[in-house]
Each structure stands twice: as C-alpha cells, then as structure tokens.
2 protein chains.
Amino acid sequence: MIRRLPQARDRGIPEATVARLPLYLRALTGMTERGVATVSSEDLALAAGVNSAKLRKDLSHLGSYGTRGVGYDVEYLIYQISRELGLTQDWAVAIIGVGNLGRALANYGGFVSRGFRIAALLDADPEIVGDRIAGLNVEHIDELEAVMARRGVSIVVIATPAAAAQQLCDRVTAAGVTSILNFAPVVLTVPDGVDVRKVDLSIELQILAFHEQRKADRESGGPVMAEEWQQGASA
Amino acid sequence: MIRRLPQARDRGIPEATVARLPLYLRALTGMTERGVATVSSEDLALAAGVNSAKLRKDLSHLGSYGTRGVGYDVEYLIYQISRELGLTQDWAVAIIGVGNLGRALANYGGFVSRGFRIAALLDADPEIVGDRIAGLNVEHIDELEAVMARRGVSIVVIATPAAAAQQLCDRVTAAGVTSILNFAPVVLTVPDGVDVRKVDLSIELQILAFHEQRKADRESGGPVMAEEWQQGASA
DNA sequence: ATCCCTTTGTGAACACATGCACAAAGTGAA
DNA sequence: TTCACTTTGTGCATGTGTTCACAAAGGGAT
Ligand SMILES: NC(=O)c1ccc[n+]([C@@H]2O[C@H](COP(=O)([O-])OP(=O)(O)OC[C@H]3O[C@@H](n4cnc5c(N)ncnc54)[C@H](O)[C@@H]3O)[C@@H](O)[C@H]2O)c1
Ligand SMILES: NC(=O)c1ccc[n+]([C@@H]2O[C@H](COP(=O)([O-])OP(=O)(O)OC[C@H]3O[C@@H](n4cnc5c(N)ncnc54)[C@H](O)[C@@H]3O)[C@@H](O)[C@H]2O)c1
C-alpha cells in the first residue's frame with residue numbers, strides 16, 4: 001500500500017480530540033507529580049475517563065509518541081500535548097465584567113498553572129473600577145482597546161450581563177481578538193475566523209433535569225425498554 | 001384542531017438535541033417577551049445560532065408542534081420544550097463548597113428563573129458555616145445527608161477543591177442523588193445511572209488557545225491549505 | 001538470535017449527527 | 001374549489017466520532 005505521506009503529522013486534528021487533550025494533560029500532570037515515568041494507554045485512559053482505543057487514536061493524531069510494548073513517556077507526552085495545545089507560550093487573558101462571576105474567575109489560581117495569565121480586569125461600574133482584585137486594578141471599560149493592546153491580550157472572557165455581551169463582543173473582535181469565552185446567556189454573533197466558546201450553567205442544569213425526569217418516569221411509569229443508561233461521564 | 005396523539009412520541013431524544021433544547025427555549029423566551037406570537041424555523045434557528053433544518057429535526061423529536069405554512073406558536077413551543085426538559089416541576093439544588101465560585105453561583109439569579117431552586121449551601125470550613133448567603137444559611141458538610149433528605153435535593157453542584165470532589169461525590173450518590181454538576185477539575189467516578197456533567201474553564205481556555213495558535217501559525221508560517229475555518233459558534 | 005509477552009497504531013465497521021432538498025400540508029386569495 | 005405561496009417534517013447522502021480487533025513493533029529473557 002501507498003500509505004499516504006508518513007511525515008506530515010496530519011494538520012487536521014478532530015475537534016473532539018482537541019477537547020480531550022486537556023483531560024489527558026491533567027491526568028498526566030497528576031501522574032508526573034506522583035512520580036510515574038511511563039504509562040500505558042489503558043491506564044491513562046482510565047485516569048482520563050475515556051476508552052483506551054479512543055485515547056490511542058487521539059494521540060496518534062499528534063504523532064507517534066508511544067513505544068509498543070511499553071507505553072508513553074509521561075514527561076514527553078506532557079510536552080507534546082502542551083505544545084500542540086499552545087501552552088508552551090503564555091496567553092494574556094482579559095476578563096470583562098467583574099461581578100460575582102468575574103471576581104471568582106479573577107481569584108482562581110487554576111488558570112495561571114496552565115499558561116494563562118489574567119492580564120486585565122474591566123468593568124463599567126464606577127464603584128468597581130479602581131478596586132484591586134487578585135493583584136490587578138479594575139480598569140474602566142472605556143479603556144478596553146487601549147488596555148488590550150498594551151497588555152497583548154489575545155483571549156477575552158465575557159462575564160457581564162447578557163444585555164452588554166454582544167456589544168462588547170463587537171468591540172473586542174473589532175480590536176482584533178479572535179478567541180472569546182462567553183459566560184453570558186446569549187448567542188454571540190462574530191465575524192469569520194473568531195472562535196467563541198460558551199459556558200452556560202443554566203443549560204447544564206437543564207440537561208441534568210431532562211435525564212433526571214427520565215429516570216423518574218422510568219421508575220414509576222412506563223414499560224422499561226432494553227436501552228441502557230448513559231455512562232456517568234459527561235460529553 | 002386535533003393536534004397530534006400519534007402516541008408514540010419517540011422516547012429516545014438524541015443527546016445532541018437535548019443539549020440544544022435549552023438554547024431554543026432561551027430564544028423563545030426572548031421572543032415571547034417581545035410579544036412575538038409565532039415564529040418560523042428559519043427565524044428561531046437564526047436566534048438560536050443553528051441551522052434551520054437541524055432545528056426542525058430537533059423539534060420533530062418532541063412531536064409535530066408546528067403548522068406548515070405558518071411556523072410554531074411561541075407559547076405552545078415554550079411549554080412543550082419545558083415539559084420535555086422537566087422544567088415544569090422545580091428542582092431543589094444543593095451547592096457543596098461555598099468559596100469564590102460557590103458564592104457566585106448562589107448569588108446568581110439566572111437559575112431560579114428556570115425551575116431551579118438553590119435549596120442548600122454546604123461547606124466544611126467553620127469560618128464559612130453559618131454565613132448567610134443569598135438568603136440561605138451555609139450548613140456544615142457533616143449534615144449533608146440530612147439536609148439533602150430534608151430539602152428534597154435531587155441535583156448537586158460540586159464547587160469544592162478537586163481533592164474533596166470524589167469523596168463528596170461518593171457521599172451524594174450513596175444518598176441517592178443521580179445528577180451532579182461538577183466544577184472541580186477531576187474525573188468523577190460514579191455508579192451506573194448517575195449523570196455527571198462538568199464545567200471546566202481551564203479546558204475551555206485550552207481549546208481556545210489551540211485554535212488561536214493555529215491561526216497564528218497560518219498567518220506567519222506554513223503553506224495555507226484549502227481548508228476552511230471553523231465557524232465562530234462553539235459546539 | 002529466537003521466542004514470548006506487552007502494548008501501540010490503525011483499518012474497518014458501526015453509530016451518531018448534520019444539512020440538503022423536496023413532498024406534504026397548511027394558509028389565504030380569488 | 002382552485003391556485004399560488006409558505007413552511008414544516010423527513011428521506012437520504014454525507015460527515016464526524018467511536019469502538020473493535022489485530023498486525024506490527026518493541027522489550028526482555030534465554
Ligand atoms: N454568577 C453565576 O454563577 C453565573 C452563572 C451562570 C451565568 N452567569 C452569567 O455570567 C454573567 C455575569 O454574572 P454575574 O453573576 O457575575 O453578574 P454581576 O451582575 O454580578 O456582574 C456583572 C458585571 O458586569 C459589569 N458590566 C455591566 N455592563 C458592562 C459593560 N458594558 N462593560 C463592562 N462591564 C459591565 C457590571 O458592572 C458587573 O460588575 C451574566 O451574564 C450571568 O448571566 C453567571
Ligand atoms: N473560581 C473559579 O473561577 C474556578 C474556575 C474553574 C474551576 N474552579 C474549580 O471550582 C472549585 C471551587 O473553586 P473556588 O475558587 O470556589 O475555590 P475556593 O477554595 O474558593 O472554595 C472551595 C470551598 O470548598 C470548601 N470545601 C473544601 N473541602 C470541602 C469539603 N470536603 N466539603 C465541603 N466543602 C469543602 C472550602 O471550605 C471552600 O469554601 C475548585 O475545584 C476549582 O478548581 C473554580
């Protein structure tokens with residue numbers, strides 16, 4: 001067989017794979033801290049809560065970094081995944097909206113540990129502007145463009161009320177930002193080439209409620225069909 | 001009109017559809033507030049940020065609630081989706097871990113508006129236990145089982161440090177809870193029949209970083225292939 | 001060097017999700 | 001009633017993701 005271009009590590013990593021790489025990374029970090037030097041796909045898959053074939057296929061998209069009969073070198077794999085995810089550089093993040101949620105995010109240590117640095121906090125409320133949170137001054141939203149440029153911000157977190165989100169989104173994309181994490185419960189419209197990811201707790205709860213209701217229906221009511229349950233792990 | 005009653009409304013709604021129903025619901029709520037009585041799949045799809053064929057297929061899983069040539073009755077559709085998601089009853093939610101994040105969640109009004117009621121706040125820290133937050137007393141984690149039973153809690157939110165999460169998860173599942181929303185960055189292991197959904201901001205940022213890096217590579221470096229960009233909307 | 005054991009990397013089958021395109025069903029006008 | 005027009009609901013093709021199952025590769029013992 002021709003075998004199609006052995007070099008050229010396929011530059012198209014499936015989105016589903018990308019979403020799992022951070023999971024593997026987290027599991028690997030835990031292992032390296034516990035002094036584990038080498039890990040099999042079976043063990044790593046277990047730690048990450050996925051099927052081992054899936055894990056191997058995911059990793060195979062990055063290249064061939066395992067040793068047959070042995071497994072993967074933990075440190076080396078951490079490095080390769082980090083590089084692939086872009087965590088070898090660090091990213092300046094701005095948080096817009098320093099309310100309940102924005103404050104919690106700003107105080108959270110878990111970002112810095114991966115290469116994310118909170119570089120700016122912005123709010124519209126004069127009561128809040130000037131506050132010192134997690135070692136940063138809260139700046140006025142009017143300064144948005146200037147602050148982002150000065151600090152080299154490339155990822156923006158929107159944690160304002162829904163009503164303000166689209167307008168702020170327009171401003172940051174106009175300023176050249178192409179990565180946004182949105183907590184406001186609205187669908188953001190963005191130009192091509194801009195990535196938006198959203199976190200919506202309300203949606204998560206509604207999905208849980210749906211399944212919870214089903215389980216209740218099952219028990220009390222209707223004929224149970226031969227249809228097995230979702231596994232615990234979420235998507 | 002007779003409406004449906006082809007009694008076999010398919011009892012297996014695809015997971016991908018379930019995850020979008022809350023989105024449609026939100027869009028519909030906005031419309032009803034603006035006095036819109038009827039909406040076409042095209043318009044609703046636009047508001048929800050999805051393709052209209054997908055929207056129609058999603059809705060078709062709930063039954064045949066549209067009128068050809070006209071569209072969907074907004075109120076009626078809100079009711080049907082709410083019922084399907086289990087939002088016509090209300091759900092008692094307990095938050096475990098009242099730190100930065102738990103506090104933000106407790107103070108958030110957006111849950112109550114859909115049928116979710118924060119019924120209990122629990123923490124291990126004696127400094128925090130007894131605090132009054134969002135009209136609720138923070139109770140000691142030792143009381144977990146008793147409190148959950150007394151308040152009829154059926155959904156638990158875990159917002160503690162990662163180290164405590166699995167153990168707490170074991171306790172709540174042992175107490176009969178089958179729906180968990182987890183903010184701690186660990187993979188929870190649960191018995192069959194228990195649903196866990198997770199929210200991990202760090203993972204979201206890493207996914208954004210991956211794409212951001214790609215875009216940067218594209219511009220500066222390598223030969224650009226005929227491969228189009230992700231659309232902005234996240235999965 | 002040979003053999004046995006372990007574990008990777010992947011082809012191939014399957015399962016699930018998306019989106020096009022259109023027949024069927026409804027509205028409203030004449 | 002008939003016709004023109006709109007919009008739903010869905011069959012079907014295509015695309016994406018998952019899982020099985022195994023050949024190929026490497027390690028270590030003899
Ligand atoms: N708190 C939660 O647990 C939670 C959960 C789910 C979703 N959310 C969503 O996250 C967002 C923030 O929630 P919150 O509880 O922190 O709200 P909040 O009201 O406490 O904070 C919002 C902050 O945004 C600021 N703001 C308003 N308009 C602004 C503008 N134009 N520019 C800059 N800043 C502006 C406000 O001054 C305020 O400080 C909301 O959209 C909410 O729906 C919050
Ligand atoms: N704050 C954020 O923005 C953020 C972002 C992403 C993830 N997270 C995750 O969410 C979780 C909470 O984050 P946080 O910033 O609120 O942390 P935090 O330290 O502010 O709060 C944790 C709370 O949990 C309580 N706790 C600890 N052990 C407990 C136990 N056994 N039983 C009951 N309560 C216990 C602590 O007393 C504390 O009040 C962490 O796992 C964190 O990794 C937080």
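For the numbers below, each heavy atom of this structure counts, side chains included, while hydrogens, waters and symmetry mates do not. Residue numbering restarts at 1 for every chain, and letters A, B, ... go by the order of the sequence lines.
- For the pair A:Y65 OH and D:dG26 C1', the computed distance is 19 Å after rounding to whole Å.
- For the pair A:G69 and A:T17, both in contact range of DNA chain D, the more 5′-proximal nearest nucleotide belongs to A:T17.
- For the OP1/OP2 pair of C:dG9 and a distance below 4.0 Å, the side-chain nitrogens and oxygens of A:Y72 include at least one atom meeting the criterion.
- A straight line from CG of B:L55 to P of D:dG9 spans 10 Å, rounded to a whole angstrom.
- Closest to the side chain of A:S40, out of C:dG26, C:dT8, D:dG27, is C:dT8.
- Across the protein-nucleic acid pair, B:E42 atom CD and C:dC20 atom P stand 10 Å apart, rounded to whole Å.
- Here the rule is side-chain contact (heavy atoms from CB on, under 4.5 Å) with A:Q206, and of B:L21, B:L25, B:V18 only B:L25 fits it.
- Side-chain contact annotation: B:S154 with A:E212, donor-acceptor N/O pair under 3.5 Å absent.
- In terms of phosphate contacts, A:S64 brings a side-chain nitrogen or oxygen within less than 4.0 Å of OP1 or OP2 of C:dG9.
- Computed from coordinates, the B:D73 CG to D:dT8 C1' distance equals 15 Å when rounded to whole Å.
- Atom pair B:R20:CZ and C:dC16:C1' shows a separation of 12 Å (rounding to whole Å applied).
- Rounded to an integer number of Å, the gap from B:L59 CG to D:dT8 P is 9 Å.
- Aromatic pair A:Y76/A:Y65: ring centres closer than 6.0 Å.
- Look at CG on A:L46: it is 16 Å from C1' on C:dT7, rounded to the nearest Å.
- More than 12 heavy-atom neighbours from other residues, nucleotides or ligands sit within 6.0 angstrom of CZ on B:F111.
- We find that CG of A:L77 is positioned 13 Å from C1' of C:dT8, with the value rounded to whole Å.
- Contact annotation: A:S41 side-chain N/O to C:dT8 OP1/OP2 distance is under 4.0 Å.
- Each end of the helix from C:dA1-D:dT30 to C:dA30-D:dT1 yields a helix axis from five base pairs, and these two axes differ in direction by 0° (to the nearest 10 degrees).
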Enumerate all atom pairs, one protein N or O and one N or O from nucleotides 10-13 of chain D, separated by less than 3.5 Å.
from	atom 1	to	atom 2	distance (Å)
D:dG11	O6	B:K57	NZ	3.1
D:dC12	N4	B:K57	NZ	3.1

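- Checking B:Y108 against A:N100 by side-chain atom types alone, no donor-acceptor pair falls below 3.5 Å.
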Discussion item. Apply side-chain hydrogen bond (donor to acceptor under 3.5 Å, both in side chains) to residues A:E75 and A:T32 and explain how you reach the verdict.
Written reply: CA-CA 7 Å; A:E75 295 282 7; A:T32 210; 3.1 Å; yes

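- Using a cutoff of 4.0 Å between basic side-chain nitrogens and carboxylate oxygens, B:R20 and B:E15 are not scored as salt-bridged.
- Note on A:N51: every side-chain N or O is 4.0 Å or more away from OP1 and OP2 of D:dG17.
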Worksheet item: Which is it for B:R114 and B:D90 under the salt bridge (charged side-chain N to carboxylate O under 4.0 Å, His left out) test, yes or no, and what are the steps along the way?
Response: CA-CA 8 Å; B:R114 310 259 175 279; B:D90 78 32; over 6 Å; no

Fill in: Residue pair A:D217, A:Q213: steps toward the side-chain hydrogen bond (donor to acceptor under 3.5 Å, both in side chains) verdict
CA-CA 6 Å; A:D217 285 358; A:Q213 175 174 248; 5.1 Å; no

